[in-house]
Amino acid sequence: MTPRQFVETDNKNFFRVHRQVYVCEDTWRRELTRIFDKCWLYAGHASELEKPGDFLTRKIGGRPVILVRDVASETPLAFLNACAHRGAVVCADTKGTTNRFACPYHGWMYDTSGALTGVPGRSAYGRIGEGLPDPSLPQIKLDDYRGFLFISFGAPSASLASYLGGAKEYIDLVCDQSEGSVEVLPEHLHHSIRANWKLLAENGVDAYHLPFAHKRFLELLDSLGTDPNSHKRSGIGYALGGGHAVIKSGPPSTGRPIAYWSPLFSPDMKASIDKKFDDLVARVGQRRAEDMAHTNRSLFVFPNLVINDILGLNIRTFFPTSPDEVEVTVWGAGFSNETPEERAMRVSALISFIGPGGFGTPDDVEILESCQRSYAHAGIGYSDFSRGMSVGTTNHTDEEQNRAFWREWANYVEQP
């Protein structure tokens, strides 16, 4: 089977993807080089690098990366976490503050701009760096949009702003909710799923599964006093171009820490949440305030970023370590001007659904892994993404969001 046969559609009534694409090792390797080596990938948030010398180390796109706010320029930079000498990791800590990185293998040292500043026994190298390969830490192209930091390992075909395209509007809706700035919470969740990464990409903007896969969570909300009719949301789904997509729905029966109270939150918070909405209306107008506070939104940025602005604000990335395994990282986020009580409410909302002991993630993991197990058998056929095509709707439970992903995936992977 050639790659061109994976995605099939008549662009009118049906859209399907051959399930071999979820298990084929050759396809996975094409994805690594054609997608993850070329696209802009979410790396972190500026709030995680607050002061000059602040750094993070994390694996992004399968590579060890250092993100640091340079002491001299005070701007965020990104480097491969690999010594220019023999490639050893130069920073083993996950985060901290420093003015240098030192290789534990042979002691080469670098400053926060990546420049080589010290070599033990340097005279043995003669005129190091003159006419020789650059001895600095390998720098990675980094750009940001409103504090969201992205890197690209290759030579990107477009600037970050152009690459994000229509997704910028929905990042703006996140950032403009408060007069405070977006802050990523100090800790994060990390886990793996025995499933192909594209199943998680589909799941991130799939509202169709909510009343079935997450029935227990809706029952919990009902037991707390939520009106069951509020679970019957209406909404829309958009393809934003470039593989990006968003789903919007309401009313948010789970509540929104930003100005929409529900029984999931403490009754003591209702008055302050109501006031936040009044303040929001005064600042941005009724229509935009309702879009921010009274609407759940899940934004997918191709290839592997989901920003869920729902019962809490969370940022999720994922990367395939094999055709049938994906590593997932989730960060909670809030705003710098929140009270301790509001921040605690955000954390509680995050772990109640997204966390490993929450109501949402375990449901999704079990279902995605069951899909992967079934795909392991030859001749299992196609997955269908035709919902909403023939009737021409943009309902949030349709699958235009998934079709947007697969069209862009085909642009990268199915080309000769």
Margin query: Regarding Asn304 and Thr317, do their side chains bring together a donor and an acceptor under 3.5 Å, going by distance alone?
Written below: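 The answer is no; no qualifying pair exists.
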
Notebook entry, point to check: Just by distance, with hydrogens left out, do Asp143 and Ser159 show a side-chain donor and acceptor under 3.5 Å apart?
Noted result: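 No, Ser159 and Asp143 have no side-chain donor paired with an acceptor closer than 3.5 Å.
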
Next item on the list: Evaluate whether atom OH of Tyr238 has more than 12 neighbouring non-hydrogen atoms of other residues, nucleotides or ligands under 6.0 angstrom away.
Entry: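 No, because the 6.0 Å sphere around OH of Tyr238 holds 12 heavy atoms or fewer from other groups.
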
Item checked: Under the ring pair (Phe, Tyr, Trp, His ring centres under 6.0 Å) test, residues paired with His85 that sit two or more places apart ->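 His85: ring pair (Phe, Tyr, Trp, His ring centres under 6.0 Å) contacts with His106, Trp108.
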
Using the test side-chain hydrogen bond (donor to acceptor under 3.5 Å, both in side chains), find all partners of [X] that sit at least two apart in sequence or belong to another chain.
X	value
Arg407	Glu400
Glu338	Arg343, Arg346
Glu25	Arg29
Tyr208	Arg387

Check: Considering residues at least two apart in sequence or located in another chain, which fulfil the side-chain contact (heavy atoms from CB on, under 4.5 Å) criterion with Ala344?
Finding: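 Ala344 satisfies side-chain contact (heavy atoms from CB on, under 4.5 Å) with no residue once adjacent residues are dropped.
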
Checklist line | Set of residues satisfying side-chain contact (heavy atoms from CB on, under 4.5 Å) with respect to Tyr105, sequence neighbours excluded | finding: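 For Tyr105, the residues satisfying side-chain contact (heavy atoms from CB on, under 4.5 Å) (neighbours in sequence not counted) are Arg86, Ala88, Cys103.
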
Would you mind listing every salt bridge (Lys or Arg N to Asp or Glu O under 4.0 Å) that reaches into [range], with sequence neighbours excluded?
range	answer
residues 66-77	none
residues 291-306	Lys248-Asp291, Arg297-Asp309
residues 151-162	none

Item checked: Given Asp93, Leu77, Asn81, the one that forms side chain to side chain contact (heavy atoms under 4.5 Å, CB included) with Phe55 ->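 Going through the options one by one, the only one that passes is Asp93.
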
Next item on the list: Would you check if Phe277 and Tyr260 make a side-chain contact, meaning some heavy-atom pair closer than 4.5 Å?
Entry: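 With C-beta onward as the side chain, the pair stays apart.
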
Please list, one pair per line, the donor and acceptor atoms closer than 3.5 Å that link side chains of residues 325-335 to other protein atoms, with sequence neighbours excluded.
from   : atom 1 : to     : atom 2 : distance (Å)
Glu325 : OE1    : Thr321 : OG1    : 3.4
Thr329 : OG1    : His190 : ND1    : 2.8

Margin query: Between Arg16 and Glu8 (salt bridge meaning N to carboxylate O under 4.0 Å), is one present in this structure?
Written below: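 A salt bridge is present here (some side-chain N lies under 4.0 Å from a carboxylate O).
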
Item checked: Salt bridge present between Glu366 and Arg373 (N-O < 4.0 angstrom) ->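 Arg373 and Glu366: salt-bridged.
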
Checklist line | Residues forming a salt bridge (charged side-chain N to carboxylate O under 4.0 Å, His left out) with Arg146, sequence neighbours excluded | finding: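 Partners of Arg146 by the salt bridge (charged side-chain N to carboxylate O under 4.0 Å, His left out) criterion, ordered by chain and then number, come out as Asp172, Asp176.
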
